[in-house]
Amino acid sequence: DDDGEQSSTPPQLHIHTFVLSTEPTEIEEPDSESSENPTLAASETTPLPHRSLHQSWPNLIMPPCTKSHLLSYASSTLLFSDARVNPHVINFNRLLLLHGPAGT
């Protein structure tokens, strides 16, 4: 305040907790008739946050601000979900696909 008085509003503390999943990754196999390489998985789905990926975030190499934008997008998506926002009113994609060379 301008007159030197301190505000009586206590600071707010926000605590976020999570439990690392240990569920196995689900592997979707390609159609055997249309697949040229039968040892290649069509996709892998890992529930997040997962124990196997726990230390991966600090090691991802991305352009500046990309990590903060990804976290902001994920946080917004969770807020929409928690608020039960109708996806027909506010259209948002709940899929976050990161793609790049191995190790990045």
Side-chain angles (χ1 to χ4, degrees):
D1 295 344
D2 291 337
D3 57 4
E5 293 181 26
Q6 291 185 347
S7 174
S8 61
T9 305
Q12 293 184 354
L13 177 64
H14 297 278
I15 299 174
H16 301 273
T17 62
F18 61 91
V19 175
L20 295 174
S21 174
T22 58
E23 293 181 34
T25 297
E26 293 181 23
I27 299 175
E28 183 179 331
E29 301 293 334
D31 295 336
S32 59
E33 297 172 5
S34 63
S35 176
E36 295 177 14
N37 187 351
T39 61
L40 184 63
S43 69
E44 294 183 8
T45 305
T46 304
L48 297 176
H50 199 273
R51 184 177 305 266
S52 66
L53 301 171
H54 182 57
Q55 295 299 322
S56 297
W57 184 255
N59 299 318
L60 293 176
I61 300 169
M62 299 180 186
C65 298
T66 301
K67 284 185 181 181
S68 63
H69 289 147
L70 287 172
L71 288 174
S72 177
Y73 175 80
S75 296
S76 298
T77 301
L78 290 173
L79 287 173
F80 287 160
S81 179
D82 289 345
R84 300 179 189 266
V85 171
N86 183 339
H88 298 292
V89 175
I90 297 178
N91 189 12
F92 62 97
N93 189 342
R94 290 177 240 155
L95 175 68
L96 185 59
L97 177 65
L98 303 178
H99 180 272
T104 62

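Every value quoted in this text rests on a predicted model; they were computed, and no experiment measured them.
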Listed partners of T46 passing side-chain hydrogen bond (donor to acceptor under 3.5 Å, both in side chains), at least two apart: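 With sequence neighbours excluded, T46 shows a side-chain hydrogen bond (donor to acceptor under 3.5 Å, both in side chains) to T25, given in chain and number order.
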Non-neighbouring partners of S76 that pass side-chain hydrogen bond (donor to acceptor under 3.5 Å, both in side chains), sequence neighbours left out: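 Checked S76 against side-chain hydrogen bond (donor to acceptor under 3.5 Å, both in side chains); zero matches.
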Polar side-chain atom of S81 near backbone of T77 as donor-acceptor pair, under 3.5 Å: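 Not confirmed, S81 side chain does not pair with T77 backbone.
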Sequence neighbours excluded, which residues qualify as side-chain contact (heavy atoms from CB on, under 4.5 Å) partners of [X]?
X	result
S52	H50
T66	M62, P63, L70
L78	none
H88	N86

Rounded distance (nearest 0.5 Å) linking atom NZ of K67 with atom OG of S72: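 Going from NZ on K67 over to OG on S72, the span is 15.5 Å.
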T45 vs E28 side-chain heavy atoms within contact, under 4.5 Å: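 With C-beta onward as the side chain, the pair stays apart.
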Y73-L60 co-clustered via ILVMFWY side chain contacts under 4.5 Å: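 Cluster IDs for Y73 and L60 match.
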Cluster overlap F18 with I15, hydrophobic side-chain contacts below 4.5 Å: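 No: no chain of side-chain contacts under 4.5 Å links F18 to I15.
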Closest non-hydrogen atom pair, P47 against S21: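 Closest approach of P47 to S21: CG-OG, 3.6 Å.
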